[in-house]
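First up is the structure itself, then whatever we jot down about it.
All chains are named by letter (A, B, ...) in the order of the sequence lines, taking the proteins before the strands, and each is independently numbered beginning at 1.
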Amino acid sequence: MTEEKKSKAYDPKEVEDALYKEWLEKGFFHGNENGTLPSYSIVIPPPNVTDILHLGHALNNTIQDILIRKNRMDGFDAEWMPGADHAGIATQVVVEKQLVKEGTTRRELGREKFHERTKAWAYRNKEYILGQLKRIGCSCDWERTRFTIDEELSNAVKEVFIRLYEKGWIYRGNRIVNWCPSCQTSLSDDEVEHEDRDGHLWYIKYKMKGSDTYLMVATTRPETMLGDTGLAVNPKDQRYKKFVGKTVILPILEREIPIVADAFVDLEFGTGVVKVTPAHDPNDFEIGQRHDLEQINILNNDGTLNANAGKFKGMDRYEARKELVKELEKKGHLEKTEKYDLSVGTCYRCHNTVEPYLSEQWFVKMDQLAAPAVEAVKNGELRFHPDYWSKTYLHWMENIRDWCISRQLWWGHRIPVYYCEDCNEQIVAREMPEKCPKCEGTKLYQDEDVLDTWFSSWLWPFSTFGWPQETAMLKKFYPTKVLVTASEIIFLWVARMVMAGYEFRGKLPFNDVYIHGTVRDANGVKMSKSLGNGIDPIEIIEKHGADALRISLVLATPDGQDPWIARNTFEGGRNFVNKLYQATRFVMMRMPEGQKFDASQPPKEDLILVDSWILSRLERTIEEVNRYISEFRLNAASKSLYSFTWNDFCSWYIELIKPDKPEDPIREGSLKVAIYVLDNIIRLLHPFIPFVTEEIGRKLNECLVHQRETLTFGPWPKAGALKKDAKLEESFNSIQSVVNAVRSVRAEMNVPPGKRSDLFVRITDREMGKLLEEYQDYFRSLAKINALHIGDKIKKPGLSASAVISGAEIFIPLEGLINVEQEKGRLEKELTGLKDQLEKVSKKLANQDYLKNAPKDVIEKDRARKTDIEDRVEKLNNNLEQLLGW
RNA sequence: GGGCGAUUAGCUCAGUUGGUUAGAGUGCUUGCUUGACAUGCAAGAGGUCACUGGUUCGAUUCCAGUAUCGCCCACCA
C-alpha cells in the first residue's frame with residue numbers, strides 16, 4: 001500500500017463556476033413581471049463604482065441573496081434588481097487624480113471629454129464589481145442591471161426635479177454651505193463628518209473707534225476676521241450694554257465695523273463678544289441678516305484667500321492663519337492663546353476640513369416630504385430591524401433641514417435649469433429651449449452644476465423599474481419587500497427613499513429595513529481601503545469557496561452588531577461545508593444499489609427511537625429557522641442550522657445508525673430517515689450555501705423517486721409536516737447521558753481509545769432501565785462497550801471506575817488500568833460539586849417565603865431535584881468508601 | 001452638549017415574558033490516522049454575568065445610579 005493518501009475534502013472550485021453558469025443560462029434568476037406568482041423584490045444598495053467590493057459588501061449581498069433565494073424557493077416570483085451608483089464626488093476625485101498623474105487636469109481636458117473619460121472608467125469598474133457579485137453567488141436578475149447615470153434613470157431624475165420645482169419645493173438661494181476646498185464643491189450637511197481636533201482659541205483685541213478701550217474676542221479661526229463685518233454681544237449682557245451701536249476698528253484691515261446685540265451670543269462662553277463673519281459661518285450669516293451686516297467672502301474655491309484678504313491674498317487658509325496671528329502679535333492685537341479642542345467638519349470623501357462658505361446653491365425643502373415618512377414609522381408601516389434604529393431615523397426626520405442638492409462637479413446629472421443671457425430668465429425644462437420664453441432671446445446656457453449623487457439614489461426603488469412610465473415591472477415589483485443595508489446611510493439614503501416613495505408613488509418603497517453591522521478586522525477596526533486592512537472577498541472565494549465565505553459571514557455577524565473578521569474566520573465555514581458534504585458521501589455510500597426512496601413524504605413506518613428523535617429535532621429546527629428568517633435574524637437561523645447539522649445529525653444520528661460491524665448494512669428504516677433529513681437540511685441551507693447544496697441535491701437524486709433539477713425553486717421546508725415529541729427527546733437525552741458518562745470516565749482514567757471495556761449499569765429508575773435495555777445496541781459502539789450488563793441488582797465489580805447519573809449508576813471494570821488515587825480524586829471532586837448544589841437547593845426549600853410565593857411547578861421541580869441530588873450523593877459516597885478498601 | 005447602544009469564558013457572541021448546575025463557536029490542554037470527514041473524533045480546564053443600590057421569596061434577566069467603551073446627532077465663537 002504505497003498509494004499516496006488523496007484528500008477527500010470537498011473542492012468548491014470544481015462546482016461553483018459551473019453551477020452559476022448553468023443557473024444563468026436557464027434564467028433561474030429572472031423575475032417575471034407578467035407571471036401570477038406573488039412578488040418578492042429587493043433592490044440592491046447600488047455599490048459605488050469607485051470601490052471594488054470588500055467584505056462589507058459581501059455580507060450585505062449575502063444577506064439579500066439569502067432572503068431572495070429563500071422566498072424564491074417558497075413560491076414567490078423573486079426579483080433582485082442589481083446595479084451600481086455613479087458616485088459623483090468619489091468618482092470625479094479618482095479620475096482627477098489619474099489626470100494629475102498624466103500631467104493634465106479636467107479643465108484642460110474640457111467638460112465633455114472629461115465626462116466621456118469618467119463614464120468609460122465608471123462602466124469598466126461597474127462590470128468588475130458586478131462580476132464580484134456573481135462570484136459570491138448572488139442570484140440577481142442580471143438582465144435588468146441598472147446604473148444611476150443611465151439614460152432611463154437620468155430621465156427620472158429630471159422628472160423629479162421638475163415636479164418638485166413646480167410644487168415650489170426646490171429653490172435656489174445664497175446660503176452658507178459646507179465647502180470642500182479639495183473637491184471644490186458644496187456638500188450637504190449629511191456628507192460632512194465631524195472629527196475632534198486639537199485646536200486653539202485666540203483672544204484678539206478689537207479697539208473702539210476713537211478710544212483706547214477695546215473689546216476682546218475669542219476665535220478658533222482667526223483668519224476669518226478678514227471677513228468680519230461686525231461684533232455681537234448678548235442684549236442682556238450688562239458688561240457690554242454701553243457699547244452696542246458703537247463702532248470698533250477691525251485689526252490689520254482697519255475696517256470700521258458696528259457692535260450689535262443678538263440673543264445668539266452666550267454670556268458664559270469666552271469673552272461674551274463674538275466676531276461676526278456672515279460669509280463664513282452659518283450663525284454669523286443669520287446674525288448678519290438680522291442686523292443687515294455686509295457679507296464679505298475672503299476665500300477662493302480652492303481654499304486660498306482672495307482679494308478681500310488684503311496682503312494675505314493668494315495664501316492658503318492655514319498659511320494665512322499663521323501669518324495673520326504673527327502679525328496680530330507683532331502689532332499688539334493678540335492678548336493670549338489657549339489650547340482648545342474642537343470638532344471640525346470634514347469631507348466624507350477626501351477628509352479635508354470643510355469651510356462654511358457663502359454661495360448660490362439649489363435646495364430641496366424637506367418638511368413636507370418628511371411628514372409621511374415620519375408617520376410611516378410611527379404607525380408601524382415601516383419597520384427597522386433591529387427596531388432601535390427607528391429612533392435614530394425619527395430623530396433625524398423630525399429635525400430635518402433643507403437639502404443642498406447642487407454640486408460643483410462635472411460628473412453627475414446636470415441640473416435641468418437654463419438661463420437666458422439677455423434677460424437672466426431662469427427656465428426649468430427637460431431639454432434646452434430654443435429661445436427664452438420671456439424675451440425670446442436665443443443665447444441660453446445650462447446651469448453649470450450637477451445634482452447630488454443621492455438625488456438619483458433616492459429614486460432607486462422605482463426609477464429602476466421604469467418610472468415615470470407605468471411599466472409592468474413597476475406594477476409587479478413596487479413596493480419592494482425589504483431594504484438591506486448598513487447603518488451609515490440611514491439618513492443619506494434610506495430616509496430619502498422613503499420620502500421619494502411617498503411623494504412620487506404614494507406608497508412607501510419597502511416595509512422592512514434590515515440594518516446589519518459594519519465589518520471590522522480582528523482588532524475591531526473598521527475595514528476600509530484607506531486603512532489597508534480590507535480583505536477582498538475574491539481572495540476568500542479562491543481559497544475556500546463562495547459557500548464558505550457566505551456562511552462564515554452570516555455565522556460571524558451577530559444580529560445588529562458589527563462582526564469582527566479575520567482570515568481564519570472563514571475556516572469555520574469551510575469546515576462546515578465540508579462536513580455536510582462528507583455526511584452526504586457517507587449516506588450515499590451506504591445506499592444499496594438501485595434503491596430509491598420517496599423523500600417527498602416524511603417516513604412514518606419502521607421507526608426506532610433515534611429516527612423519531614432526529615425527525616422531532618428536524619421539525620424543531622424547521623420551525624426555528626422559519627421564525628428567525630421572518631424576524632430577520634439570519635445569524636440565529638444559521639447557528640440553528642449549523643448545530644442541527646453538525647451535532648444532531650452528524651455526531652449523534654449518523655453515529656447511532658452505523659451498524660455494529662462496518663460491513664453490515666444500515667437498517668432500511670433509518671436509511672430512509674437519513675435521506676429525508678439530509679434532503680431537508682440541504683433545502684434549508686440552500687439560501688445560505690447555494691452551491692454545495694445544489695451539488696448534493698444532484699447526488700441525492702440518484703436515490704430519490706422524485707428527482708429535482710434544482711433547489712432554486714424549492715420546495716422550502718415548512719413546519720408542521722413532522723411530529724415534535726418533547727418526551728421522546730428527553731428519553732434520548734438519557735441515552736446521551738450514559739454515553740457521555742462512559743466517555744468521560746474512560747478519558748479521565750486514560751483507557752486507551754482502541755480498547756473496548758465492559759460496562760455494568762445498575763438501574764435505579766424503571767423508565768431508564770427500559771430505555772437502556774431497548775436501545776443498548778445503539779450506544780454500545782459510541783461508548784466502546786464490550787460486554788454489557790444491565791439490571792437493578794447489578795453489583796459493583798471489584799476494581800472499577802464509577803459514575804452516577806440520574807436513574808442509573810455505571811461501573812467500568814478497570815483491572816490493571818485504574819489509578820486508585822486518581823479515581824478517588826475524581827469522585828471527590830464531583831461529590832463536592834454536588835454537595836454545593838444540594839446545600840443551595842435545600843436552603844431554598846427551607847425558605848417559607850419561597851414556598852408561599854413561588855409557583856407550584858417551580859417548587860415541585862426543586863423538590864425532585866433535591867431528591868435526585870441526595871440520591872447521587874449517597875451513591876457517590878458508597879463508591880468512594882468501597883474504593884478506600886483497595 | 002443631546003440621544004442611542006453595549007458591558008456574560010482568553011477572544012467573538014447566545015441567553016425572548018425573573019425560577020435547575022449560565023451556553024455556543026473559536027482558542028487553549030490531553031488522548032486518538034476510528035469504518036464519511038485530521039477541514040475530523042473524544043475528553044478537559046476556563047465565568048463574583050462591569051460596579052453600587054433598589055424591587056422581589058428569588059435578579060445575568062426588571063428599576064435607579066456609577067464607571068468604561070462604541071455609535072449617531074449638534075451653530076456655541
Side-chain angles (χ1 to χ4, degrees), chain A residues 5 7-10 176 194 201 217-221 224 232 264-266 268-277 281-286 342-343 356 386 388-389 391-392 395-396 399 487-488 490-491 518 522 524 544 548 555-556 558-565 568-569 571-572 574-590 635-636 639 642-643 647 650-651 654-655 658-659 661-663 740 743-748 750-754 781 784 833-834 836-837 840-841 844 847-855 857-859 861-862 864-866 868-869:
Chain A
K5 195 175 173 181
S7 170
K8 299 169 191 162
Y10 169 68
I176 297 280
H194 292 271
L201 208 48
V217 174
T219 179
T220 55
R221 295 186 296 150
T224 62
F264 164 79
V265 182
D266 184 343
E268 309 293 323
F269 190 88
T271 61
V273 186
V274 179
K275 58 193 264 319
V276 185
T277 323
D281 184 281
N283 294 313
D284 293 7
F285 176 78
E286 283 177 23
L342 72 164
S343 156
Y388 53 75
W389 288 111
K391 287 181 195 163
T392 307
H395 182 259
W396 185 77
N399 296 287
S487 62
E488 285 96 330
I490 290 179
F491 308 136
T518 305
H544 303 307
L555 282 168
D559 295 311
Q561 290 187 63
D562 293 347
W564 292 29
I565 291 183
N568 66 6
T569 302
E571 288 168 13
R574 176 203 59 185
N575 295 354
F576 177 66
V577 168
N578 182 57
K579 184 78 183 176
L580 176 64
Y581 183 79
Q582 299 299 342
T584 311
R585 224 162 60 102
F586 172 76
V587 174
M588 297 298 293
M589 257 165 57
R590 296 311 195 91
N635 177 248
K639 281 181 170 171
Y642 181 96
S643 160
N647 300 327
C650 292
S651 293
I654 288 187
E655 290 306 323
K658 277 182 182 170
K661 290 181 210 150
E663 62 273 22
N740 288 336
R743 281 173 171 173
S744 178
V745 168
R746 284 172 55 98
E748 285 190 55
N750 303 316
V751 177
S781 61
K784 308 225 164 158
L834 277 179
D836 283 352
Q837 286 177 44
K840 256 196 222 162
V841 73
K844 206 167 160 191
N847 182 343
Q848 288 306 312
D849 289 326
Y850 169 71
L851 294 175
K852 215 169 25 186
N853 292 305
D857 57 317
V858 172
I859 298 175
K861 250 187 184 169
D862 275 338
R865 191 169 114 75
K866 189 181 169 221
D868 184 57
I869 297 175

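Using a 4.0 Å heavy-atom cutoff across all strands shown, A:Glu488 reaches no nucleic acid atom at all. Within 4.0 Å (heavy atoms only), A:Lys852 reaches no atom of the nucleic acid at all. Within 4.0 Å of A:Arg574, counting heavy atoms only, lies at least one base atom of the nucleic acid. Across all strands, A:Pro386 comes closer than 4.0 Å to no nucleic acid atom at all (heavy-atom distances). Note on A:Phe491: only backbone sugar-phosphate atoms sit closer than 4.0 angstrom, heavy atoms only; bases stay farther off. A:Val276 comes within contact range of no nucleotide atom at all, as no heavy-atom separation falls under 4.0 Å. Among the heavy atoms of the strands lying under 4.0 Å from A:Asp562 are primed sugar atoms or P, OP1, OP2 only; no base atom is included. A:Asn740 comes within 4.0 angstrom of sugar-phosphate atoms only, judged by non-hydrogen atoms across all strands, and of no base. Counting any heavy atom pair closer than 4.0 Å across all strands shown, A:Glu571 reaches no nucleic acid atom.
For the C1' atoms, the distance from B:C13 to B:G47 is 14 Å, rounded to whole Å. Here, B:U66 and B:C4 have their P atoms 15 Å apart, quoted to the whole Å.
Comparing B:U34, B:A14, B:C4 by their closest approach to the side chain of A:Tyr388 singles out B:C4. In the set B:C13, B:A36, B:G25, the nucleotide with an atom closest to the side chain of A:Tyr642 is B:G25. Relative to the side chain of A:Arg743, the nucleotides B:A43, B:U34, B:A14 differ in distance, and B:A43 lies closest. Distance from the side chain of A:Arg585 is smallest for B:A36 among the nucleotides B:A77, B:C75, B:A36. For A:Thr392, counting side-chain heavy atoms from C-beta on, the closest listed nucleotide (B:A42, B:A77, B:C72) is B:C72. Minimum atom distance to the side chain of A:Glu748 is reached by B:G44, of the listed B:C73, B:G44, B:A36. When distances run from any side-chain atom of A:Ala747 to the nucleotides B:G19, B:U39, B:A43, the shortest one goes to B:A43. Ranking B:U39, B:U12, B:C41 by closeness to the A:Trp564 side chain, first place goes to B:U12. Distances from the side chain of A:Ser744 to the nucleotides B:C13, B:A43, B:C41 place B:A43 closest.
Counting all heavy atoms, side chain and backbone alike, A:Ala556 lies closest to A:Asn635 at N-ND2, 4.3 Å. The minimum heavy-atom distance linking A:Leu851 with A:Ile859 is given by the pair O-CD1, 3.6 Å.
Side-chain contact check for A:Thr224 versus A:Lys275: some heavy-atom pair is nearer than 4.5 Å.
More than 12 heavy atoms of other residues, nucleotides or ligands shown are found within 6.0 angstrom of NZ on A:Lys658.
In this structure, B:C62 forms a base pair with B:G54, meeting either the Watson-Crick or the G-U wobble geometry with both donor-acceptor distances under 3.5 Å. When both distances must be under 3.5 Å, the Watson-Crick or G-U wobble mate of B:C41 is B:G31. Partner assigned to B:A77 is none, using Watson-Crick or G-U wobble distances below 3.5 angstrom. With a cut-off of 3.5 Å on both Watson-Crick or G-U wobble distances, the partner of B:U68 is given as B:A6. Figure legend. B:G46 is base-paired to no nucleotide; pairs are counted as Watson-Crick or G-U wobble with both atom distances under 3.5 Å. With a cut-off of 3.5 Å on both pairing distances, the Watson-Crick or G-U wobble partner of B:C11 is B:G25.
Of the side-chain N and O atoms in A:Lys391, none sit less than 4.0 angstrom from OP1 or OP2 of B:C71. In terms of phosphate contacts, A:Gln561 brings a side-chain nitrogen or oxygen within less than 4.0 Å of OP1 or OP2 of B:A14.
You'll find a donor-acceptor pair under 3.5 Å spanning the side chain of A:Glu655 and the base of B:A36, going by distance alone. Judged by distance alone, with hydrogens and angles left aside, A:Lys658 brings a side-chain donor or acceptor within reach of the base of B:A36, the pair sitting under 3.5 Å.
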Between the protein and nucleotides 57-59 of chain B, list the N/O to N/O atom pairs that are separated by less than 3.5 angstrom.
residue, atom, partner, partner atom, Å
B:C57, O2', A:Asn847, ND2, 2.9

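Rounded to an integer number of Å, the gap from CG of A:Asn635 to C1' of B:C13 is 8 Å.
The distance from the CH2 atom of A:Trp389 to the OG1 atom of A:Thr392 is 5.5 Å, given to the nearest 0.5 Å.
Along RNA chain B, the nucleotide closest to A:Gly272 and the one closest to A:Cys650 are compared, and the more 5′ of them pairs with A:Cys650.
Without hydrogens or angle criteria, A:Asp868 side chain to A:Ala864 main chain gives no donor-acceptor distance under 3.5 Å.
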